[in-house]
Amino acid sequence: MTFINYAAKEINCKIVYYGPGLGGKTTNLQHIFTKTAPERKGKMISLATEADRTLFFDFLPLDLGTIRGFTTRFHLYTVPGQVFYDASRKLILKGVDGVVFVADSQRERMEANVESIRNLEANLKEHGFDLSAIPYALQFNKRDLPNVMPVDEMYRMLNFKREPTFEGIAPQGVGVFDTLKAVAKQILIELRKK
Amino acid sequence: MTTAHMEVFEEELGRLEAALNRLRHDSNAKAVFLIDKNGQQIAAAGDVEDFDSTSLASLTAGNVAATDGLAKLIGEREFSVLFHEGKRDHIHISIVAKRAILLVIFDERSSLGLVRLRVKRASAEMDRIFDDMTRKSELGPEGRVEPSPFAEITDEDIDSLFSD
């Protein structure tokens, strides 16, 4: 749910990074945080376990500049990817404007990717959203690892509505901003329709 | 899709800020924040610069969402009030107009009883303001004083956001 403050001339949108555990959602946010100028970002918050796994969410507020005189803010969230945190994942999708799905390119994680997309679809539905209609981008992360599945095979398996898809190596920043831009653009185009 | 926007206009924002200022004064609180349930700050009053309000808004919304989840698990509709007691500062969290969160930060100069009492009164007033805001929003672009600035967004406008 985009929050438009006409008095303060601000648009606030919420983007959620979804995907299986250890797929690189938090690393995407960390890279964005590192590469964004201090005046354009707020504090990054990570609610993590002692072992540094996401427990509830990571949060990063970004200010992308102005559009038609309105300051455009994006609030980026990640969900905990581990299967048993489903209740938390559902909560974080509340009021979402766009979703980035971070898929793990390693062959042995394909089943987890597919299961996570199904889970995303079901959880969005509970909030009244339709994955086929919501702004959405797909990232094939971890392309630098040796045991990855070929991109075209992954595309056939995971891409279902020709959503913008990017290859990523999140710790090096490859594909990170391209993925963010793709989903942010779709959100702003949606605004035009409303 | 349920992507109804929340829209805040100058007039209602002024009324909300006045209500928050009154609440802060009457409850002797350090600061009060009004946050939408998705974690965006709507308005604030008091010593707000002492706090990282963006983080505060996001964590408060997460806190309320998690507590709502707990309530449903045990068959309650919601827990309408949350209270966090610290050594020095305390936080009182309540739901306003079913869609916003009122956060009051206070210390020993106030008390939980006083905050609860004043929050109750302020909430009733804010309910009315939110009703007015919803009505205005439902009028659509034609009924608004301010025309929607987004209908005219061009691809160039969007690209310019990512140019640097």
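Protein chains get the first letters and strands the later ones, always in sequence-line order, with residue 1 at the start of each.
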Proximity breakdown for [X] and chain B, heavy-atom pairs closer than 4.5 Å:
X: A:Leu47; value: side chain
X: A:Phe70; value: side chain
X: A:Leu124; value: neither

Is there a path of hydrophobic side-chain contacts, each under 4.5 Å between heavy atoms, that joins [X] and [Y]?
X: B:Ile105; Y: B:Phe83; result: no
X: A:Leu22; Y: A:Leu158; result: no
X: B:Ile101; Y: B:Leu23; result: no
X: B:Leu117; Y: B:Phe106; result: no
X: B:Leu34; Y: B:Leu56; result: no

Closest approach of [X] to [Y] (non-hydrogen atoms, all atoms of both residues):
X: B:Asn38; Y: A:Tyr77; value: O-OH, 3.8 Å
X: B:Leu161; Y: A:Thr66; value: CD2-O, 3.7 Å
X: A:Phe57; Y: B:Ser58; value: CE1-OG, 3.8 Å
X: B:Leu13; Y: A:Ala7; value: CD2-CB, 3.3 Å
X: A:Asn12; Y: B:Gln40; value: CB-OE1, 3.2 Å
X: B:Ser55; Y: A:Ile45; value: CB-CD1, 3.3 Å

message: Going by side chain to side chain contact (heavy atoms under 4.5 Å, CB included), B:Ile158 matches just one of A:Ile67, A:Leu191, A:Ile187. Which one?
response: A:Ile67
For [X], I'd like to know if atom [atom1] has over 12 heavy atoms of other residues, nucleotides or ligands within 6.0 Å.
X: B:Lys72; atom1: NZ; result: yes
X: A:Glu50; atom1: CD; result: no
X: B:Arg15; atom1: CZ; result: yes
X: B:His25; atom1: NE2; result: no
X: A:Lys161; atom1: NZ; result: yes
X: A:Glu111; atom1: CD; result: no

Quick check on [X] against chain A: is it the side chain, the backbone, both or neither that has a heavy atom closer than 4.5 Å?
X: B:Leu73; value: neither
X: B:Gln41; value: backbone
X: B:Ile153; value: both
X: B:Asp52; value: side chain

- request: Tell me, with the steps shown, if A:Arg68 and B:Thr154 meet side chain to side chain contact (heavy atoms under 4.5 Å, CB included).
  value: CA-CA 10 Å; A:Arg68 301 271 152 158; B:Thr154 61; 3.8 Å; yes
- request: Using only heavy-atom distances, determine whether the side chains of A:Tyr6 and B:Glu7 contain a donor-acceptor pair under 3.5 Å.
  value: yes
Just wondering, do [Y] and [X] contact through their side chains at under 4.5 Å, heavy atoms?
X: B:Leu59; Y: A:Phe56; result: no
X: A:Arg192; Y: B:Asp155; result: yes
X: B:Thr54; Y: A:Phe59; result: yes

message: Can you tell whether the side chains of B:Asp68 and A:Lys94 come within less than 4.0 Å, N to carboxylate O?
response: no
message: Check this for me: does any side-chain nitrogen of one of B:Asp159 and A:Lys185 sit under 4.0 Å from a carboxylate oxygen of the other?
response: yes
